[in-house]
Amino acid sequence: MGHDPWSELRDVAEGVRRSIETALHVTTPGTLEEAPEGRGLFALATHPWAKALKASPGDIASRAARVRPAPPFEPLRAEGPYINFQVNPASFSELVLASVRLMGDRYGTSPARTERVLLEHTSVNPTGPLHVGRARNPLLGDSLGRLLRYAGHPVQREYYVNDIGKQMVLLYWAVTNLKPTPEDEAEERVERRYVRLYQRANALLEKDPALGKEIESLIDRFEGGDGQLTRAIRAVGDGVLHRIVAVLTRLGITFDSFFWESDLILDGSVHRVIERLLPLSKEEDGAHYLDLSGFGLEGDAAKYFFVTRRGTSLYTTRDLAYHLRKMERCDRAINVLGEDQKLSFQRLKATFQLMGIDWAPETIYYAFVSLPEGRMSTRKGIVVYVDDLIDEAIERAFAEVSRRRADLSEPRRRAIAETIGLGALRYNIVRVQAEKAITFRWEDALNFEGNSAPFLQYAHARACSILAKAGDLSPGEPRLLLHPQEQRLLRWIAKFPSTVRDAADSRRVHVVASFASDFASQFNQFYRDCPVLTAEPPALRDARASLVDAARIVLHNGLDCLGVTAPREM
RNA sequence: GCUCGGGUCGCCUAGCAUGGAUAGGGCACCCGCCUCCUAAGCGGGUUAUCUGGGGUUCGAAUCCCCACCCGAGCGCCA
């Protein structure tokens with residue numbers, strides 16, 4: 001018995017489907033779909049064959065149902081125009097629980113694959129605190145990384161640190177030249193102190209052309225390979241980066257590597273890219289660009305500048321250099337990007353084609369998170385910072401835990417509150433498909449009921465509570481698990497591994513969130529209908545306990561894919 | 001204007017790549033359930049002809065075309 005009972009059963013059913021088609025003498029293959037619950041595991045619609053067979057779908061279904069399916073499937077059933085594939089319930093229980101027993105706590109993972117994935121996510125400029133608008137990136141990226149690992153890929157999670165460019169240089173200038181006010185100094189968090197200086201520098205820049213020149217000359221020195229200046233600027237960025245990473249760590253998000261943009265200048269990568277691109281380029285006022293028309297781009301969108309009039313590189317140039325380097329380090333690169341990056345990436349991919357490179361990074365785009373007041377903007381003060389959000393979430397969760405569980409000690413309640421608060425945040429962002437714009441609302445982000453992480457965590461805690469009381473597990477007799485609610489739960493357990501793998505393959509994290517929510521709902525219904533501890537005979541009690549343990553593993557791992565911790569008690 | 005996304009109950013959302021059995025969930029609202037493994041739960045009720053219009057098809061939320069609305073982009077910025 002393997003790791004993925006659903007796919008195994010599906011394979012058997014596909015064989016039956018082919019036998020049906022042979023028996024019916026039809027040439028167009030039908031599509032096996034999942035049957036609605038209560039009508040078996042799989043279903044085959046007969047409509048497509050009606051014309052060729054000159055018969056009604058109902059008649060075809062009854063005729064097809066005479067085909068004898070392979071075990072563990074029971075005799076086929078014709079219901080209207082459908083042929084339904086039902087498994088023997090006792091065999092189904094046995095099969096599913098055998099898979100879970102085989103995999104143990106790793107149930108849901110797929111066998112190792114060889115394709116090495118380099119997953120770049122977050123990559124926010126280290127110029128200020130992380131706000132919720134940007135946070136969708138690490139949340140999505142980290143979950144995707146987890147998912148890919150469940151699906152068997154070796155994954156390297158990388159943060160590309162944009163420590164070059166006007167923004168960064170301006171921040172450096174502000175930090176080294178502006179005198180902090182007492183309010184600035186009162187702010188303990190570096191990134192928040194810096195952002196205040198940065199905002200002031202920005203205002204100065206708008207009024208003072210001389211400052212603009214100064215910034216430009218700093219950029220030129222930087223680009224020219226001034227190592228001392230580079231180190232100084234990087235130190236400023238590093239200070240902010242540490243804080244960003246610290247906030248992400250609170251959310252359970254970590255990285256395997258950091259790639260500094262400035263290294264691409266220092267090691268000559270940028271220079272080499274420019275050399276390589278120059279022969280392919282056109283010139284305009286001393287600046288160079290690639291004409292990308294014919295790659296699905298036209299007009300201004302097709303002009304891809306990579307050298308400025310002043311001879312310096314651009315963000316895009318370095319990005320090209322970066323991805324050229326990435327190519328050498330993995331089989332597949334996946335980037336999680338804001339939708340505002342679409343055009344630049346389309347150009348990057350086109351450029352690769354122009355260069356004759358038969359490789360391109362894969363991109364996952366997400367829409368922005370805005371506030372009811374509008375798009376998030378640090379400058380306009382329309383912003384919610386992630387660390388504030390985390391604090392608020394944990395505080396609210398603590399109030400809830402304290403209200404419900406006065407019996408627990410305070411440290412215990414604090415620990416649970418952290419799990420719940422953090423979980424609620426992550427889940428809330430990741431449950432929605434990435435392309436959909438989100439309006440951030442506190443009441444949604446801190447929702448602890450319904451379709452929320454605490455709902456799933458609660459189901460997990462319930463399972464753990466039963467298991468704690470059940471004591472040592474013996475497998476019992478799985479063939480006794482014939483209650484409709486047990487069978488439904490088994491079905492959801494069976495689907496878990498293939499759901500995770502499909503979600504990873506299609507890079508759709510929210511699929512796992514939906515699954516986990518439906519799963520928890522199934523578990524709660526089972527919990528209502530099937531008492532475990534008092535079940536008789538003991539073989540049933542033990543089998544139910546094993547079922548609960550299997551559900552516990554699915555809940556735990558489903559949550560784990562989303563980066564949410566599953567508490568044993570709450 | 002052009003390009004790319006999105007438009008599903010009052011609000012949020014799944015389903016759309018592989019078109020099929022009454023379009024699932026959640027929130028909110030109303031009713032009910034703790035001598036029984038944690039009520040952050042469960043059951044029931046009210047709520048959508050899936051933005052609009054054409055088309056393809058035995059069959060369309062799903063595919064195609066047109067229109068409308070919202071978001072993003074169209075820098076020698078990052």
Side-chain angles (χ1 to χ4, degrees), chain A residues 31-33 35-36 39 43 45-48 50-51 57 79-82 84 125 127 162 164-168 261 284-289 296-303 305-312 314-316 318-319 338-344 346 365-368 370 375 397 400-401 403-405 407 420 424 431-439 441 443-444 447-459 461-470 506 510-511 513-515 517-518 520-521 523-525 527-535 544-545 548 569-570:
Chain A
T31 310
L32 203 63
E33 53 192 296
R39 297 187 187 274
T46 57
H47 312 89
K51 197 173 267 178
E79 289 175 276
Y82 294 91
N84 291 324
N125 299 355
T127 51
N162 303 115
I164 295 192
K166 205 182 259 178
Q167 268 191 65
M168 198 57 225
E261 191 177 0
E284 192 176 291
D285 304 331
H288 289 267
Y289 69 94
L297 296 161
E298 50 186 89
D300 286 348
K303 278 188 180 178
F305 282 93
F306 64 97
V307 178
T308 68
R309 193 183 333 179
R310 297 189 356 265
T312 54
L314 279 132
Y315 162 77
T316 50
R318 289 166 236 135
D319 218 20
E339 61 180 346
D340 56 337
Q341 307 282 314
K342 274 184 192 174
L343 178 61
S344 10
Q346 202 186 338
Y365 297 107
Y366 62 92
F368 288 115
S370 59
R375 191 167 169 179
E400 286 295 314
V401 178
R403 190 166 63 77
R404 297 167 204 261
R405 296 301 303 272
D407 58 310
I420 291 171
R431 53 177 255 263
V432 182
Q433 70 183 93
E435 313 80 74
K436 230 157 183 160
I438 295 181
T439 303
R441 292 189 180 85
E443 60 268 35
D444 293 341
N447 171 31
F448 296 156
E449 290 170 354
N451 190 8
S452 71
F455 173 75
L456 314 187
Q457 292 171 317
Y458 185 67
R462 275 180 152 180
C464 289
S465 170
I466 293 173
L467 293 168
K469 289 176 178 150
S506 59
H510 75 276
V511 168
S514 298
F515 177 91
S517 175
D518 291 341
S521 179
F523 179 76
N524 283 328
Q525 289 167 53
Y527 183 92
R528 176 197 62 207
D529 291 340
C530 304
V532 177
L533 302 176
T534 56
R544 279 190 177 167
V548 170
E569 149 182 80
M570 66 185 271

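Protein chains get the first letters and strands the later ones, always in sequence-line order, with residue 1 at the start of each.
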> Base, sugar-phosphate, or nothing for A:A367, non-hydrogen atoms under 4.0 angstrom?
Replying inline: nothing
>> Using a heavy-atom cut-off of 4.0 Å across all strands, would you classify A:D518 as base, sugar-phosphate, or nothing?
In response: nothing
> Base, sugar-phosphate, or nothing for A:P48, non-hydrogen atoms under 4.0 angstrom?
Replying inline: base
> When we call it a touch if two heavy atoms are under 4.0 Å apart, what does A:C530 touch: a base, just sugar-phosphate, or nothing?
Replying inline: base
> Tell me, do A:S452 and A:R431 make a side-chain contact under 4.5 Å, heavy atoms counted?
Replying inline: no
> At under 4.0 Å between heavy atoms, what does A:Q457 touch on the DNA or RNA strands: base, sugar-phosphate, or nothing?
Replying inline: nothing
>> Within the 4.0 Å heavy-atom criterion, would you say A:G165 contacts the bases, only the backbone, or no part of the nucleic acid?
In response: sugar-phosphate
> Which stems, defined as runs of 3 or more consecutive Watson-Crick or G-U wobble pairs with both pairing distances under 3.5 Å, involve RNA chain B?
Replying inline: B:1-7 with B:68-74, B:10-13 with B:24-27, B:29-33 with B:41-45, B:51-55 with B:63-67
>> Strictly distance-based, threshold 3.5 Å: is any side-chain N or O of A:T308 a donor or acceptor partner for the main-chain N or O of A:L314?
In response: no
> For the atom pair CG (A:N125) and CD1 (A:I164), what is the distance rounded to the nearest 0.5 Å?
Replying inline: 11.0 Å
>> Please check: side-chain N/O of A:R405 versus main-chain N/O of A:M570, any donor-acceptor pairing under 3.5 Å?
In response: yes
> Judged by atom type as modelled, is there a donor-acceptor pair below 3.5 Å linking the side chain of A:N447 to the main-chain atoms of A:E449?
Replying inline: yes
> Is B:A17 in the syn or the anti form, by the rule that syn lies within 90° of 0?
Replying inline: syn
> Has the side chain of A:D340 got a donor or acceptor atom sitting under 3.5 Å from an opposite partner on the base of B:A78?
Replying inline: no
>> Base, sugar-phosphate or nothing for A:E284? Non-hydrogen atoms, less than 4.0 Å.
In response: base
>> Treating primed atoms plus P, OP1 and OP2 as sugar-phosphate and everything else as base, which nucleotides of nucleotides 9-17 of chain B get B, S or - for protein heavy atoms under 4.0 Å?
In response: ---SSSS-B
> Are the side chain of A:T127 and the backbone of A:M168 linked by a donor-acceptor contact shorter than 3.5 Å?
Replying inline: no
> Is A:K51 touching bases, backbone alone, or none of the nucleic acid, heavy atoms closer than 4.0 Å?
Replying inline: sugar-phosphate
> So what does A:S517 hit on the nucleic acid, given a heavy-atom distance under 4.0 Å: a base, only sugar-phosphate, or nothing?
Replying inline: nothing
> When all nucleic acid strands are considered with a 4.0 Å heavy-atom cut-off, which category describes A:L343: base, sugar-phosphate, or nothing?
Replying inline: sugar-phosphate
> More 5' along RNA chain B: A:Q341 or A:G80, using each one's nearest nucleotide?
Replying inline: A:G80
>> I want to check one thing: is the phosphate of B:U18, taken as OP1 and OP2, less than 4.0 Å away from some side-chain N or O of A:T31?
In response: no
> Should B:C58 be called syn or anti, with syn set as within 90° of 0?
Replying inline: anti
> Base, sugar-phosphate alone, or nothing: which one does A:N84 contact when heavy atoms must sit under 4.0 Å apart?
Replying inline: base
> Looking across every strand, which nucleic acid part, if any, lies under 4.0 Å from A:A470 by heavy atom: base, sugar-phosphate, or nothing?
Replying inline: nothing
> So which one's nearest nucleotide on RNA chain B is more toward 5', A:R375 or A:T312?
Replying inline: A:R375
>> Regarding A:R544, tell me which of base, sugar-phosphate or nothing describes its non-hydrogen contacts under 4.0 Å with the strands shown.
In response: nothing
> When you check every protein heavy atom under 4.0 Å of nucleotides 39-48 of chain B, what one-letter string (B, S, -) results, 5' to 3'?
Replying inline: SBSSS-----
> Any idea which of B:A21, B:U38, B:C76 is nearest the A:K469 side chain?
Replying inline: B:U38
> Honestly, is A:R462 close enough over A:Y527, meaning NZ or CZ under 6.0 Å from the six-membered ring centre and within 45° of the axis?
Replying inline: yes
>> Any donor-acceptor pair under 3.5 Å linking the side-chain atoms of A:R318 with those of A:N162?
In response: no
